[in-house]
Participant: 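Below is a structure I'd like to ask you about.
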Amino acid sequence: MGAGERSCLRRHRWKISLLALLLVAAAVVVPLVIVKPWDKNTSKDKDHPSFVPGPQIPINPEQPIVPSKDDTAKCNAYTPALNQPFDYASGELKMRGVNLGGWLVLEPFITPSLFDPYIKDGVVDEYTLCKHLGLEAAKALLEKHYANWVTEETFIRIRDLGLNHVRIPIGFWALGGLNADEPYVPNLSWAYLLRAIEWARKYGIRVMVELHAAPGSQNGWNHSGRSGAINWINGTEGAANAQRTLLYTQQLATFFTSPDYAHVGPILGLLNEPAGFMIGGEPIKSWYRQAIDVFRTATGAGKGPWLIIHDAFLGLGSWTDLKTSGERLMLDAHQYIMFDDNLLRMNRTTQLQFACQNWGSDMVESTEDFGPTIVGEFSVAVNDCAKYLNGVGMGYRWDGTFDGAPPKSPDSTCTNENTASMYDAEYKKFLSDYFNAQIDAYEQGAGWFYWNFKTETNPLWSYFDGVDNGWIPKDANNRGPGFCVPNGYSFSKPATM
Ligand SMILES: *[C@@H]1O[C@H](CO)[C@@H](O)[C@H](O)[C@H]1NC(C)=O
Ligand SMILES: *[C@@H]1O[C@H](CO)[C@@H](O)[C@H](O)[C@H]1NC(C)=O
Ligand SMILES: *[C@@H]1O[C@H](CO)[C@@H](O)[C@H](O)[C@H]1NC(C)=O
Ligand SMILES: *[C@@H]1O[C@H](CO)[C@@H](O)[C@H](O)[C@H]1NC(C)=O
Ligand SMILES: *[C@@H]1O[C@H](CO)[C@@H](O)[C@H](O)[C@H]1NC(C)=O
């Protein structure tokens with residue numbers, strides 16, 4: 001170091017001292033700011049001192065996940081411990097939960113970062129991603145994602161938010177049995193599911209595992225594994241794929257009937273969103289009948305999990321004749337506003353009213369006519385602005401770039417819709433009302449699961465973001481008077497709607 005440099009250093013010494021001071025201050029302040037309350041080893045975790053927050057480790061496939069025999073955990077004061085019965089039959093005790101979506105079944109809009117590097121190669125779903133990468137690279141990518149998207153901290157936070165259930169979508173590839181032309185990574189996701197179930201068990205959260213992706217694709221959407229044609233019931237391989245799906249139904253039924261899993265996994269989703277509007281109601285109903293039969297044969301009569309069937313977009317009222325097909329059946333509908341031009345175009349007041357009166361009355365009627373009914377997916381999104389929600393380069397209904405229809409209103413843009421800090425107080429108040437209106441409606445039935453617990457970039461689709469930004473309550477069990485009743489809305493449809 002020469003003299004010139006030393007004097008230069010002297011001249012700048014005050015700046016260096018200031019910098020050092022700032023660095024020290026940052027070292028103290030930044031961790032305080034970025035360490036979220038749920039990361040801390042707070043008194044809330046005195047029951048679970050064994051948990052050490054930190055990066056999650058991949059699973060060693062040589063080391064099987066051993067189920068704990070301890071089913072005594074209780075997630076909160078309102079929910080029975082796992083080894084006590086949860087009264088699904090009466091629907092009086094509400095299921096309050098989130099989906100762990102975009103995890104064991106990928107979805108471009110939930111984790112765009114997994115897809116962005118390969119969009120140019122034509123990758124649009126898990127099928128094309130795995131095919132493009134090849135088995136080993138796909139395995140490496142997925143393993144990293146599986147180990148980090150859902151961790152033990154996820155379950156602690158879910159417990160702390162007053163939730164009592166999680167719905168975990170899986171693909172058929174979790175259970176192996178792939179055809180040679182199916183590029184999915186077999187079995188790996190099953191190990192991560194089992195590890196997550198142990199965390200759920202530790203924190204007293206009940207798990208609904210559900211088959212989200214069937215061989216051939218039951219709806220042609222990317223979250224079925226493969227977007228494009230429906231080759232399930234429909235199509236040349238449709239009958240064979242529907243038959244293969246029954247084998248997975250049987251495997252899941254058997255697995256969750258075992259005493260190791262019966263308490264923590266008391267409900268199973270048969271199949272997510274089969275496209276009834278394309279395949280037809282009767283073929284799906286007939287497959288449901290077969291599946292219910294396969295399921296109860298595997299569990300034994302009077303035993304095993306509840307089975308939840310999706311309404312296949314044909315309306316909750318379309319399934320009443322199935323209720324005699326088996327015991328312990330539950331019905332599931334998914335309620336979204338942003339994919340329907342009519343609902344999207346309603347003003348906010350009408351949307352809130354619609355949630356209370358239409359979705360609420362659907363739950364009341366279905367509970368009477370069918371039995372326990374849930375909403376297994378919903379969000380507070382009132383626009384379709386989330387990146388990749390409609391597909392790469394597809395545009396958005398909201399701003400008029402999707403299907404030629406005009407924007408919601410002349411000045412509707414998607415520019416600030418995916419950034420919570422850009423929402424004004426009035427918008428946040430609406431989101432809060434819309435959340436509460438939906439919860440009020442869905443608790444006219446047996447309960448609800450928000451889609452999704454988190455997303456990479458879309459706050460309206462993230463329960464955690466909703467809590468952090470104040471439009472979702474911090475405790476799902478203590479959330480004030482709700483929306484519908486205080487605002488004079490009943491849970492019955494007005495004659496005009
Ligand atoms: C968390 O707190 C418990 C006591 O409440 C303590 O035994 C444990 O060592 C703490 N863990 C960490 C990682 O600080
Ligand atoms: C995958 O899991 C299934 C079901 O548990 C099993 O039968 C099969 O042997 C497994 N395949 C591999 C490659 O481990
Ligand atoms: C149904 O299957 C046929 C092939 O047999 C296919 O051409 C058609 O696109 C499928 N329908 C849907 C909605 O995917
Ligand atoms: C909202 O729409 C309804 C039904 O079209 C209409 O009656 C009402 O006046 C509108 N409210 C506002 C605030 O624009
Ligand atoms: C995802 O699925 C939607 C339909 O749910 C489809 O329109 C879209 O093209 C898919 N997204 C991507 C990135 O392929």
Side-chain angles (χ1 to χ4, degrees), residues 76 78-79 87-88 90-99 161-165 167 311 315-317 330-340 342-383 423 425-451 460-461 463 466-467 469-497:
N76 59 49
Y78 312 92
T79 307
D87 182 7
Y88 293 109
S90 80
E92 265 169 38
L93 197 52
K94 302 306 174 190
M95 298 158 70
R96 297 178 174 139
V98 285
N99 283 277
L161 293 174
L163 302 170
N164 56 20
H165 281 75
R167 179 173 177 262
D311 77 349
L316 289 167
M330 215 182 281
L331 196 51
D332 174 16
H334 299 168
Q335 306 296 19
Y336 290 121
I337 237 169
M338 78 301 294
F339 299 124
D340 179 309
N342 292 323
L343 302 182
L344 177 96
R345 285 172 194 291
M346 289 174 173
N347 62 39
R348 289 178 180 175
T349 311
T350 312
Q351 286 174 334
L352 293 170
Q353 181 184 355
F354 186 88
C356 297
Q357 297 183 327
N358 286 57
W359 289 338
S361 61
D362 285 352
M363 297 305 272
V364 171
E365 283 165 24
S366 179
T367 303
E368 277 169 15
D369 299 343
F370 183 93
T373 304
I374 60 165
V375 168
E377 293 187 15
F378 72 102
S379 77
V380 296
V382 281
N383 62 60
Y423 302 170
E426 191 191 343
Y427 191 19
K428 288 192 195 174
K429 168 75 169 69
F430 166 72
L431 294 175
S432 166
D433 286 346
Y434 185 43
F435 179 83
N436 284 314
Q438 290 188 83
I439 297 309
D440 288 353
Y442 306 152
E443 293 200 1
Q444 300 309 301
W448 47 269
F449 293 83
Y450 196 83
W451 188 275
L460 297 178
W461 294 85
Y463 197 92
V467 173
N469 291 288
W471 61 78
I472 292 182
K474 288 189 162 56
D475 180 355
N477 306 294
N478 292 299
R479 50 174 201 272
F483 180 83
C484 296
V485 172
N487 284 282
Y489 297 120
S490 64
F491 301 106
S492 54
K493 285 188 186 81
T496 53
M497 282 177 86

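Nothing here was measured: the structure is a model prediction, and the numbers come from that model. Hydrogens, waters and symmetry mates play no part in the numbers below; they use all other heavy atoms, side chains included.
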Participant: Only one of Asp369, Asp362, Asp332, Thr367 forms a side chain to side chain contact (heavy atoms under 4.5 Å, CB included) with Leu316, so which one is it?
Facilitator: Asp362

Participant: Is a side-chain N or O of Thr373 found less than 3.5 angstrom from the main chain of Gly371, in a donor-acceptor match?
Facilitator: yes

Participant: For the pair Tyr423 and Trp471, name the ring-plane relationship: parallel under 30°, tilted 30 to 60°, perpendicular over 60°.
Facilitator: tilted

Participant: Minimum heavy-atom separation for Leu343 to Gln351, with atom names?
Facilitator: O-NE2, 2.9 Å

Participant: So do Trp461 and Ser379 actually touch side chain to side chain, heavy atoms under 4.5 Å?
Facilitator: yes

Participant: What are the two closest non-hydrogen atoms of Asn383 and Leu460, and how far apart are they?
Facilitator: ND2-CD1, 3.9 Å

Participant: Taking only residues two or more places apart in sequence, or in another chain, which ones meet Asp311 in a salt bridge (Lys or Arg N to Asp or Glu O under 4.0 Å)?
Facilitator: none

Participant: Specify the closest pair of heavy atoms between Arg479 and Pro473, including all atoms of both residues, with the distance to one decimal.
Facilitator: CB-CG, 3.7 Å

Participant: Is there a side-chain contact (heavy atoms from CB on, under 4.5 Å) between His334 and Phe449 once you walk through the steps?
Facilitator: CA-CA 9 Å; His334 299 168; Phe449 293 83; over 6 Å; no

Participant: Within a strict 4.5 Å, meaning less than it, do heavy atoms of the Met346 and Gln353 side chains meet?
Facilitator: no

Participant: Find the distance between CG (Asn99) and CZ (Phe378) and round it off to the nearest 0.5 Å.
Facilitator: 9.5 Å

Participant: Do Gln335 and Met363 come within less than 4.5 Å of each other through their side chains, counting heavy atoms only?
Facilitator: no

Participant: Would a distance-only check, ignoring hydrogens and angles, find a side-chain to backbone donor-acceptor pair under 3.5 Å from Ser361 to Asn358?
Facilitator: yes

Participant: Any donor-acceptor pair under 3.5 Å linking the side chain of Asp440 with the backbone of Cys484?
Facilitator: yes

Participant: Could you check whether any side-chain N or O of Asn477 sits under 3.5 Å from a backbone N or O of Gly162, counting only pairs where one atom can act as donor and the other as acceptor?
Facilitator: yes

Participant: Counting C-beta onward and ignoring hydrogens, is there a side-chain heavy-atom pair between Phe339 and Leu344 closer than 4.5 Å?
Facilitator: no

Participant: Check the pair Tyr78 / Asn478 against side-chain contact (heavy atoms from CB on, under 4.5 Å), numbers first and verdict last.
Facilitator: CA-CA 11 Å; Tyr78 312 92; Asn478 292 299; 3.0 Å; yes

Participant: Quick one: closest heavy-atom pair of Cys356 and Ala437, and the distance?
Facilitator: SG-CB, 3.9 Å

Participant: What is the minimum heavy-atom distance between Ala476 and Leu163, and which atoms define it?
Facilitator: CB-CD2, 3.8 Å

Participant: So, Tyr336 versus Trp451, ring centres under 6.0 angstrom or not?
Facilitator: no

Participant: Please confirm whether the backbone N or O of Tyr489 pairs with a side-chain atom of Asn487, one donor and one acceptor, at under 3.5 Å?
Facilitator: no

Participant: Please test Ile439 against Tyr450 for side-chain contact (heavy atoms from CB on, under 4.5 Å), starting from the C-alpha separation and ending with a verdict.
Facilitator: CA-CA 10 Å; Ile439 297 309; Tyr450 196 83; over 6 Å; no

Participant: Angle between ring planes, Trp448 versus Tyr463, binned at 30° and 60°: parallel, tilted or perpendicular?
Facilitator: parallel

Participant: Find the distance between CD (Glu365) and CZ (Phe370) and round it off to the nearest 0.5 Å.
Facilitator: 15.0 Å

Participant: Check the orientation of Phe354 and Trp359. Use parallel for under 30°, tilted for 30 to 60°, and perpendicular for over 60°.
Facilitator: perpendicular

Participant: Without swapping roles, check the side chain of Lys94 against the backbone of Gln444 for a donor-acceptor pair under 3.5 Å.
Facilitator: no

Participant: Can Leu352 and Phe430 be said to form a side-chain contact (heavy atoms from CB on, under 4.5 Å), step by step?
Facilitator: CA-CA 9 Å; Leu352 293 170; Phe430 166 72; 3.8 Å; yes

Participant: Of all heavy-atom pairs between Gln438 and Ala355, which one has the smallest distance, and what is that distance?
Facilitator: CG-CB, 4.2 Å

Participant: Have Asn164 and Arg96 got a donor and an acceptor in their side chains that come within less than 3.5 Å?
Facilitator: no

Participant: When rounded to the nearest 0.5 angstrom, what distance separates CZ in Arg348 from NZ in Lys429?
Facilitator: 11.5 Å

